[in-house]
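Step one of this worksheet: look at the structure below.
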Protein chains: 2
Amino acid sequence: MTLRKKKFAKKKEEILHSAINIIAERGYHGTTMEDIASNLFITKGSLYYYFKDKQELVFQSQIMLLLRSIDNMIAVQLEDILIAEKLRKAMRVHVTYLLRERSGFEMMIQPDHLFSKQQLEEIVSLREQYGTYFDQMINDGIEEKVFHVTDSKIVRNIILGAMNWVTQWYSPKGKKDVTEIADTIADHLMRVVIKN
Amino acid sequence: MTLRKKKFAKKKEEILHSAINIIAERGYHGTTMEDIASNLFITKGSLYYYFKDKQELVFQSQIMLLLRSIDNMIAVQLEDILIAEKLRKAMRVHVTYLLRERSGFEMMIQPDHLFSKQQLEEIVSLREQYGTYFDQMINDGIEEKVFHVTDSKIVRNIILGAMNWVTQWYSPKGKKDVTEIADTIADHLMRVVIKN
DNA sequence: CAGAAAATTGACTTGACGTTTAAAAACTGA
DNA sequence: TCAGTTTTTAAACGTCAAGTCAATTTTCTG
């Protein structure tokens with residue numbers, strides 16, 4: 001009974017992981033159900049036992065990614081450290097997560113036409129929630145007078161953009177490993193907010 | 001004779017523009033030849049009179065965008081102003097170009113699987129050329145001791161990322177217009193490099 | 001204005017891929 | 001072991017879009 005359900009849930013997750021990986025590589029349209037399935041050594045027909053259709057499958061992957069990133073941020077949020085250190089840590093976590101998971105970042109870019117209105121609303125809301133953690137930290141820093149005063153929304157977007165772009169240029173073959181890159185990026189971006 | 005060729009070239013350009021716009025909206029796979037054609041009130045058959053296939057058409061669009069951005073940078077490069085001002089100007093130009101043209105930015109992200117090896121090489125090379133202008137400015141600033149010393153490649157990527165991301169969040173409905181956004185972003189990003 | 005060249009059309013072919021379905025296989029609990 | 005249930009499969013279907021091409025229209029030129 002519960003065993004069955006657990007297996008079902010586990011398989012579902014496996015499929016989502018497969019989807020995330022392949023879509024990260026080839027984009028939504030470039031990824032076929034066949035691709036996702038064969039990656040797990042099953043036939044594409046099976047996918048429909050777990051998900052209504054491709055859109056739903058991809059949507060779930062997206063949500064999964066977002067929820068995980070949010071969890072990351074919550075963990076950082078809870079730490080009891082100076083605000084500047086907290087923001088720096090958030091940056092490091094964000095970048096390493098991005099590079100380690102190679103997360104279906106592709107999808108995060110203009111998902112507008114891939115999903116239904118309802119699905120989009122959910123995605124946008126989660127994205128916004130994620131961004132809010134950064135706003136919060138920035139505002140805290142401003143209040144504590146360690147960050148210079150600015151429009152936290154814009155600063156947040158600058159920071160997120162600089163970080164997200166890392167997937168475009170980072171190569172594991174370079175001199176720096178993921179952690180070092182994350183540190184370097186965080187160091188540079190702290191300069192955007194910190195008072196001098 | 002030359003008239004003919006001019007018309008041919010002009011039509012080709014029109015098609016490229018159409019392609020750029022639609023692909024910017026719907027992505028490569030989401031855009032059909034039919035879409036590109038009907039946008040110009042012609043049939044898709046005509047497209048094949050001008051371009052060998054879809055890949056070639058899209059490739060040309062991409063090149064067109066890149067060449068135009070590079071022209072922008074060359075113009076900035078030639079200006080006789082202080083290096084810090086030059087970099088700031090480059091940033092402003094980059095962001096306004098991005099937002100104004102809504103350029104087929106979509107394509108610029110992981111075009112890996114859309115193009116042939118040869119095509120990719122050309123794209124990567126142009127991208128790199130573009131990035132080099134920024135490296136140059138950053139290095140100049142370091143030499144003149146107005147920018148603090150860092151790895152210019154990484155700083156360049158941070159800056160480009162922060163700027164490119166603007167297409168994801170900027171809404172013309174907001175308070176700031178394109179120029180203001182460009183200025184604000186440039187101001188913030190200057191803090192990454194400038195000595196304090 | 002006539003003939004040639006260029007440009008456009010639209011119907012057709014082809015292949016790919018999402019989705020459905022009926023049957024087979026695997027699994028579960030008694 | 002076996003009946004019943006869940007899961008997987010293989011094949012087929014329908015759709016959609018890329019690419020082709022012979023026929024037609026438009027444009028140019030002498």
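Throughout, protein chains are lettered first and strands after them, A, B, ... in sequence-line order, and every chain is numbered starting at 1.
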Practice item. Grab the CD1-C1' distance between A:Ile15 and D:dT7 for me, whole Å please. Key: 11 Å

Exercise for review: Mind calculating the distance between NZ (B:Lys54) and C1' (C:dT14) to the nearest angstrom?
Suggested key: 16 Å

Revision key, fill the gap. Given protein heavy atoms under 4.0 Å, the one-letter contact record of nucleotides 5-10 of chain C, with B base, S sugar-phosphate only and - none, is simply -SBBBB

Point to revise | Sidechain-backbone polar pair: B:His17 side chain, B:Glu13 backbone, donor-acceptor under 3.5 Å | key: yes

Exercise for review: Return each pair, listed once, that meets side-chain hydrogen bond (donor to acceptor under 3.5 Å, both in side chains) where at least one residue sits in residues 29-42 of chain B; pairs must be two or more places apart or across chains.
Suggested key: B:Ser18-B:Asn39, B:Arg26-B:Asp35, B:Thr32-B:Asp35

Review point. Can a cation-pi geometry be assigned to A:Lys54 and A:Tyr28, taking NZ or CZ under 6.0 Å from the six-membered ring centre and within 45° of the ring axis?
Key: yes

Check your understanding: In whole angstrom, what separates B:Phe51's CZ from D:dT20's P?
Key -> 15 Å

Point to revise | 5′-ward residue of the pair A:Thr32/A:Lys52 relative to DNA chain C | key: A:Thr32

Point to revise | Between D:dA17 (P) and B:Leu57 (CG): distance, integer Å | key: 17 Å

Practice item. Please say whether the positively charged group of A:Lys52, taken as NZ for Lys or CZ for Arg, lies over the ring of A:Phe59, i.e. under 6.0 angstrom from the six-membered ring centre and within 45 degrees of the axis. Key: no

Review point. Taking it one step at a time, do B:Ile83 and B:Met137 satisfy side chain to side chain contact (heavy atoms under 4.5 Å, CB included)?
Key: CA-CA 7 Å; B:Ile83 185 61; B:Met137 288 181 267; 3.9 Å; yes

Exercise for review: Can you tell me the distance, in whole Å, between the CD1 atom of A:Ile36 and the P atom of C:dC17?
Suggested key: 12 Å

**Study point:** A:Asp53 CG to D:dG14 C1', straight-line distance once rounded to whole Å
**Key:** 16 Å

Review point. Starting at CD of A:Glu34 and ending at P of D:dT9, how long is that distance when rounded to a whole Å?
Key: 11 Å

Review point. Got a sec, which residues hit side chain to side chain contact (heavy atoms under 4.5 Å, CB included) with A:Lys12, two or more places apart in sequence or on another chain?
Key: A:Phe8, A:Tyr50, A:Phe51

Review point. How many Å lie between CD on B:Glu56 and P on D:dG19, as a whole number?
Key: 11 Å

